[in-house]
Amino acid sequence: MLKNIDPRMTPELMDCLIRLGHGDEIVIADRNYPAASTAAHCVMPDVIRLPGFSSPEAVALITQHMPIDGFTDYGALRMQVDGEPDRVEPVHRDVFDVLETVKPAEAKLGSIERQAFYAHARNAFAVVACSEDRPFGCFILRMGVVFPD
């Protein structure tokens, strides 16, 4: 047993987070996302499952340990609504609210068109599938750097 680890953290997710390096990305996939076929192309080819978690809950759990990248053009991306790239759904606001509390000030939160999201996600380190029901509840998180205090 380890101390100070959220009891909802799975061994598979902890293994993934430990193995991430600066710039590696993980996909947070909603319930409709093709998680298995995407993960087959990733460094970790098995889907990491978080049943019962919404996208904001999954992001909150992950970012307890994973710093968000503040050195590049984005630290996190949301999947855009088809044909309405500027439309921000409640699930997007909810996840970005979580990220605002943990990201470095210089980290940017962006968006990516749905088909481009699918293509980009195939190059991710891992796919984390949650039970998010809301459409377009998919995100990409980019690993930042841990600095000593």
Side-chain angles (χ1 to χ4, degrees), residues 1-80 88-112 114 116-149:
M1 296 294 299
L2 299 175
K3 294 171 37 176
N4 301 321
I5 302 293
D6 189 313
R8 301 171 304 154
M9 177 65 69
T10 67
E12 297 81 9
L13 182 55
M14 183 60 75
D15 177 52
C16 172
L17 296 176
I18 289 169
R19 293 170 56 193
L20 288 172
H22 181 223
D24 284 336
E25 296 179 340
I26 60 173
V27 175
I28 309 305
D30 66 21
R31 138 178 338 229
N32 292 305
Y33 189 82
S37 61
T38 300
H41 299 275
C42 296
V43 174
M44 295 186 77
D46 295 324
V47 176
I48 299 167
R49 302 220 175 256
L50 288 179
F53 279 73
S54 66
S55 291
E57 291 168 334
V59 169
L61 179 67
I62 290 165
T63 58
Q64 287 179 34
H65 304 288
M66 177 187 170
I68 298 299
D69 197 350
F71 293 106
T72 58
D73 52 346
Y74 64 88
L77 297 171
R78 65 172 174 84
M79 179 187 281
Q80 293 176 358
V88 177
E89 290 290 304
V91 67
H92 299 144
R93 276 193 301 277
D94 292 347
V95 166
F96 280 11
D97 285 349
V98 170
L99 290 170
E100 286 293 342
T101 67
V102 296
K103 73 174 186 65
E106 59 278 4
K108 297 173 186 71
L109 306 178
S111 67
I112 185 171
R114 185 170 64 91
F117 185 103
Y118 291 142
H120 188 105
R122 292 168 72 100
N123 295 308
F125 193 88
V127 176
V128 177
C130 63
S131 298
E132 180 61 64
D133 285 327
R134 296 176 285 182
F136 305 98
C138 300
F139 301 84
I140 296 172
L141 306 179
R142 182 179 273 177
M143 176 73 164
V145 176
V146 177
F147 292 105
D149 292 331

Return the set of residues passing side-chain hydrogen bond (donor to acceptor under 3.5 Å, both in side chains) with [X] (not counting sequence neighbours), or none when no residue passes.
X      : answer
Ser54  : Glu57
Asn123 : none
Tyr74  : Glu25, His120, Arg142
Asp30  : none

If we only count heavy atoms from C-beta on, is the [X] to [Y] side-chain gap below 4.5 Å?
X      : Y     : result
Arg78  : Val91 : no
Val145 : Pro67 : no
Val95  : Ile28 : no

Residues that Ala126 engages under side-chain contact (heavy atoms from CB on, under 4.5 Å), provided they are two or more places apart: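 Expected list: Cys16, Ile26, Met44, Ile48.
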Please list, chain by chain and in numerical order, all residues satisfying side-chain contact (heavy atoms from CB on, under 4.5 Å) with Asp133, sequence neighbours excluded.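 Residues passing side-chain contact (heavy atoms from CB on, under 4.5 Å) with Asp133: Arg31.
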Can you name the nearest heavy-atom pair linking [X] to [Y], along with the distance?
X      : Y      : value
Arg8   : Leu50  : O-CD2, 4.5 Å
Cys130 : Phe53  : CB-O, 3.2 Å
Thr38  : Pro34  : OG1-O, 2.9 Å
Val27  : Ala124 : CG2-CB, 3.7 Å
Glu132 : Ser55  : OE1-N, 2.8 Å
Val47  : Ala129 : CG1-CB, 3.6 Å

Restricting to salt bridge (charged side-chain N to carboxylate O under 4.0 Å, His left out), what partner residues turn up for [X], sequence neighbours left out?
X     : value
Glu12 : none
Arg93 : none
Glu89 : Arg87
Asp24 : none

Residue pairs, two or more places apart or on separate chains, that pass side chain to side chain donor-acceptor pair (under 3.5 Å) and touch residues 40-53: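 Checked against side chain to side chain donor-acceptor pair (under 3.5 Å) - neighbours excluded - the pairs reaching residues 40-53 are His41-Arg122.
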What's the spacing between [X] [atom1] and [Y] [atom2] if we round to 0.5 Å?
X     : Y      : atom1 : atom2 : answer
Thr63 : Leu99  : OG1   : CG    : 6.5 Å
Asp69 : Leu141 : CG    : CG    : 11.0 Å
Tyr33 : Met79  : OH    : CE    : 6.0 Å
Ile18 : Met66  : CD1   : CE    : 14.0 Å
Ile62 : Asp6   : CD1   : CG    : 11.5 Å
Leu17 : Leu61  : CG    : CG    : 8.0 Å

Could you note down all residue pairs passing ring-ring contact (aromatic ring centres under 6.0 Å, His included) where residues 89-108 supplies at least one of them, sequence neighbours left out?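 Only His92-Phe139 qualify under ring-ring contact (aromatic ring centres under 6.0 Å, His included).
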